[in-house]
Amino acid sequence: MRTFQNTVNGRPAAVARSFESKNPATGETLGLVPHATPEQVAEAVAAARAAQPAWAARPDAERQALLMEVAQAIKANSEYLAEWVTREQGKPLGGVGPDQVPGARFELWGCEVWTQVPASLELPVEVVFEDDTRRDEMHRQPFGVVAAIAPWNWPLLIAIWQIVPSLRAGNTVVLKPSEYTSIGTLEMVRIMAELLPPGVLNTVSGGGDVGAALVENSGIDKIMFTGSNATGARIAAAAARNLTPTTMELGGNDAAIVLPDADPKAIAMGLFWGAFLNMGQTCACAKRLYVPDNLHDAVVAELKALAETMPMGDGTAAGTVIGPIQNRMQYDKVVALVEDARAGGATIVCGGEAPAGPGHFYPVTLVTDIADGSRLVDEEQFGPVLPVIRYSDLESAIASANRLDAGLGASVWSGDIDKARAVASRIRAGTVWINQHGAIHPMVPFGGVKRSGWGVEFGVDGLKSVTQPRVISIKK
């Protein structure tokens with residue numbers, strides 16, 4: 001069985017310990033993942049520190065050109081990497097385009113695009129003040145070494161969100177992939193690193209102990225993390241000890257509010273994928289749906305009809321739309337939340353029963369006759385389950401959307417944009433979409449509020465977040 005390797009200082013890193021990577025659809029072992037030692041973590045950080053001054057000193061145009069070459073390498077290897085995503089993470093291979101299932105090929109297309117866009121951006125010197133006596137300029141400089149910790153739900157794409165802006169700005173990177181989905185990420189970084197100077201991009205794989213060693217290393221100048229609130233809190237505590245700046249994208253429990261004038265047929269497909277993209281294993285998926293009395297039954301019927309037409313199975317099989325939950329821990333959480341709702345008197349409209357056989361499969365599940373305060377509403381399920389909460393008064397729905405401590409995204413659905421905009425302006429979330437949900441874009445800043453994190457990624461603001469401001473003040 002093949003043992004995959006980390007990349008440290010441009011070379012494969014030797015491994016003494018390893019662990020298995022499993023296919024969540026079949027349970028088969030896919031390969032062995034290196035478990036980095038504390039010494040290897042220190043070596044990776046040291047390599048990144050040594051490489052960073054020369055990397056930052058390169059002209060912007062050179063870094064941009066190299067990253068554009070990286071984008072082409074990702075494109076050239078996209079099918080190979082997409083197959084790893086499907087085998088390790090579980091999402092269907094799918095395709096790219098409005099009529100395609102947004103699965104692993106979509107993720108690799110996103111990796112290409114989210115490399116090209118930051119590579120193309122400029123951060124020119126800004127004149128922030130000037131008069132007859134002085135001129136004050138804002139320059140942007142890199143932090144130094146960025147520690148990036150990627151999650152298991154979009155393992156390659158979110159790694160790219162962390163890596164590419166950091167490199168574009170002149171930082172070097174040490175990336176820790178999720179222990180659940182390491183192989184595809186390690187392979188992508190290996191391909192990328194072949195085009196970059198040694199030490200500019202490094203990996204250290206393993207469990208939480210490896211992540212802790214990385215973020216606690218005093219040679220780290222910035223931490224980027226996407227993942228759970230619990231892990232985020234531990235990272236923030238470690239960062240505080242070294243006064244290390246962080247960008248944190250944490251859990252979401254996104255509310256979607258349907259207004260009384262919406263057309264159930266027109267919004268059903270957008271709602272479905274807003275909730276069940278990647279089997280609901282997306283931080284910014286709609287996790288709780290508020291529907292007015294007059295539309296409740298019609299919206300539920302439309303979603304149920306869609307759910308029952310979506311084939312579930314191994315993502316490598318043609319025609320598969322819904323794959324497995326990625327890991328047993330998350331699977332058990334989803335099952336427990338549905339069973340808690342069932343025990344509390346909720347109605348399971350469809351799904352709600354795991355099929356027999358191998359794999360962490362759980363069907364698309366709609367739950368009604370449920371209210372705020374239920375675990376399935378108040379806790380982020382991060383799986384293919386959607387509670388639909390009936391409301392009679394719009395004010396109460398807005399209050400419900402705002403009542404939790406999560407604030408990553410939200411959405412409002414209406415035939416009247418002005419009404420939807422008025423509601424959207426009252427929802428406390430980092431992004432509020434209208435008549436769409438989870439529609440991120442590489443030029444549009446994305447981040448959370450409240451306990452969903454801080455800082456933004458994407459676009460010019462995201463690029464600025466991996467730089468430090470330096471003012472140069474000139475006396476005339």
(message) Between D461 and K464, does any side-chain N to carboxylate O distance fall below 4.0 Å?
(response) no
(request) Please identify each residue that fulfils side-chain contact (heavy atoms from CB on, under 4.5 Å) with S178, with sequence neighbours left out. (result) W152, Y180, T181
(request) Please name all residues satisfying salt bridge (Lys or Arg N to Asp or Glu O under 4.0 Å) with E112, sequence neighbours left out, ordered by chain then number. (result) none
(request) Return yes if some donor-acceptor pair links the side-chain N/O of Q281 with the main-chain N/O of N153 below 3.5 Å, else return no. (result) no
(request) Specify the closest pair of heavy atoms between T172 and L167, including all atoms of both residues, with the distance to one decimal. (result) CA-CD2, 4.1 Å
(message) Between N327 and Q330 (side chain of the first, backbone of the second, donor and acceptor by atom type, cut-off under 3.5 Å), is there such a pair?
(response) yes
(message) One pair to check against side chain to side chain contact (heavy atoms under 4.5 Å, CB included): M443 and V117. What are the steps and the verdict?
(response) CA-CA 7 Å; M443 279 301 295; V117 170; 3.7 Å; yes
(request) Ignoring hydrogens and angles, tell me if any N or O in the side chain of D263 forms a donor-acceptor pair with the backbone of K265 under 3.5 Å. (result) yes
(message) Can you tell me how far apart SG (C111) and CD1 (I74) are? Round to the nearest 0.5 Å.
(response) 5.5 Å
(request) Could you tell me whether the side chain of K91 and the main chain of R105 form a donor-acceptor pair under 3.5 Å? (result) no
(message) Return the OG to CZ distance between S205 and F19, rounded to the nearest 0.5 Å.
(response) 5.5 Å
(request) Indicate yes or no: does R288 engage D378 in a salt bridge with an N to O separation below 4.0 Å. (result) no
(message) Does F106 have more than 12 heavy atoms from other residues, nucleotides or ligands lying within 6.0 Å of its CZ?
(response) no
(request) Please tell me if the side chains of P363 and I322 come closer than 4.5 Å, counting only heavy atoms from C-beta onward. (result) no
(request) Indicate whether any N or O donor in one side chain lies under 3.5 Å from an N or O acceptor in the other, for R234 and T231. (result) yes
(message) Are more than 12 heavy atoms, taken from residues, nucleotides or ligands other than R342, located less than 6.0 Å from that residue's CZ atom?
(response) yes
(message) Let me confirm one number: the NE2-CG distance from H360 to D332, rounded to the nearest 0.5 Å.
(response) 8.5 Å
(request) Check whether any side-chain N or O of S452 sits under 3.5 Å from a backbone N or O of G407 as a donor-acceptor pair, and report yes or no. (result) yes
(request) Keeping the roles fixed (side chain from E130, backbone from D136), state whether a donor-acceptor pair exists under 3.5 Å. (result) no
(request) Look only at the side chain of E457 and the backbone of P445, and say whether a donor-acceptor pair between them is shorter than 3.5 Å. (result) no
(request) Identify the heavy atoms of V449 and G430 that sit nearest to each other, and give their distance. (result) CG2-N, 4.0 Å
(message) Which residue is it: R451, R375, K287? I am looking for the one with a salt bridge (Lys or Arg N to Asp or Glu O under 4.0 Å) to E380.
(response) K287
(request) Please confirm whether the backbone N or O of E216 pairs with a side-chain atom of N242, one donor and one acceptor, at under 3.5 Å? (result) yes
(message) So which atom in P118 and which in V113 form the shortest heavy-atom distance, rounded to 0.1 Å?
(response) CD-O, 4.3 Å
(request) Please assess E353 against Y362 for the test side-chain hydrogen bond (donor to acceptor under 3.5 Å, both in side chains), listing each intermediate value before the final yes or no. (result) CA-CA 7 Å; E353 297 290 343; Y362 199 83; over 6 Å; no
(request) Identify whether the distance between the nearest side-chain nitrogen and carboxylate oxygen of R87 and E83 falls below 4.0 Å. (result) no
(message) Do L81 and I191 make a side-chain contact, defined as non-hydrogen atoms from C-beta onward lying under 4.5 Å apart?
(response) yes
(message) Any donor-acceptor pair under 3.5 Å linking the side-chain atoms of W413 with those of S411?
(response) yes
(request) Answer yes if the side chains of T247 and W454 hold a donor-acceptor pair under 3.5 Å, and no otherwise. (result) no
(request) Write down the atom of G232, the atom of L250, and the distance for their closest heavy-atom approach. (result) CA-CD2, 3.9 Å
(message) Quick one: does any side-chain atom of Q64 pair with a main-chain N or O of R168 as donor and acceptor, under 3.5 Å?
(response) no
(message) Any non-hydrogen side-chain atom of I325 less than 4.5 Å from a side-chain atom of F382?
(response) no
(request) Just do the side chain to side chain contact (heavy atoms under 4.5 Å, CB included) check on I163 and V189 with the steps written out, would you? (result) CA-CA 10 Å; I163 293 168; V189 169; 4.3 Å; yes
(message) Quiz question: by atom type and distance under 3.5 Å, do the side chains of D372 and Y290 form a donor-acceptor pair?
(response) yes
(request) Nearest 0.5 Å please: distance from the CD1 atom of I235 over to the CG atom of L214. (result) 9.0 Å
(request) Inspect the contact between R426 and E395 and indicate whether a charged nitrogen and a carboxylate oxygen are less than 4.0 angstrom apart. (result) yes
(message) For a 4.5 angstrom cut-off between non-hydrogen side-chain atoms, does F458 reach P442?
(response) no
(message) Evaluate W154 against T282 for side-chain hydrogen bond (donor to acceptor under 3.5 Å, both in side chains), listing each step before the verdict.
(response) CA-CA 8 Å; W154 295 89; T282 299; 2.9 Å; yes
(request) For residues T244 and D221, report the shortest heavy-atom separation together with the two atoms involved. (result) CG2-C, 3.8 Å
(request) Report yes if some heavy atom in the side chain of K419 is under 4.5 Å from a heavy atom in the side chain of R421; otherwise report no. (result) no
(request) Output the distance between atom CG (L67) and atom CZ (R63), rounded to the nearest 0.5 Å. (result) 8.5 Å
(request) Compare every heavy atom of A371 with every heavy atom of I389, then report the nearest pair and how far apart it is. (result) CG2-CA, 4.3 Å
(message) For the backbone of G206 and the side chain of K176, can you confirm whether one donor and one acceptor N or O come within less than 3.5 Å of each other?
(response) yes
(message) Between D314 and T316, do the side chains contain a donor N or O and an acceptor N or O under 3.5 Å apart?
(response) yes
(message) For a 4.5 angstrom cut-off between non-hydrogen side-chain atoms, does V258 reach L289?
(response) yes
(request) Test V412 against V432 for side chain to side chain contact (heavy atoms under 4.5 Å, CB included), laying out the working first. (result) CA-CA 7 Å; V412 182; V432 184; 4.2 Å; yes
(message) Under a plain distance cut-off of 3.5 Å, with no hydrogens placed, do S166 and N171 share a side-chain donor-acceptor pair?
(response) no
(request) Indicate the ring-plane relationship of H437 and W433, choosing parallel, tilted or perpendicular according to the 30° and 60° boundaries. (result) tilted
(request) Would you tell me whether Q141 and H139 have side-chain atoms, one donor and one acceptor, within less than 3.5 Å of each other? (result) no
(message) Within a 6.0 Å radius of atom CE on M68, are there more than 12 heavy atoms belonging to other residues, nucleotides or ligands?
(response) yes
(message) For the NZ atom on K333, are there more than 12 heavy atoms of other groups (residues, nucleotides or ligands in this structure) within a distance under 6.0 Å?
(response) yes
(request) Output, in order, the C-alpha distance, side-chain angles, deciding distance and verdict of side chain to side chain contact (heavy atoms under 4.5 Å, CB included) for I440 and T431. (result) CA-CA 9 Å; I440 59 173; T431 301; over 6 Å; no
(request) Taking the side chain as every heavy atom from C-beta outward, state whether F361 and P355 have any atom pair closer than 4.5 Å. (result) yes
(request) Find the distance between CZ (F272) and CG (L386) and round it off to the nearest 0.5 Å. (result) 10.0 Å
(request) Indicate yes or no: at least one non-hydrogen side-chain atom of V377 is less than 4.5 angstrom from one of I370. (result) yes
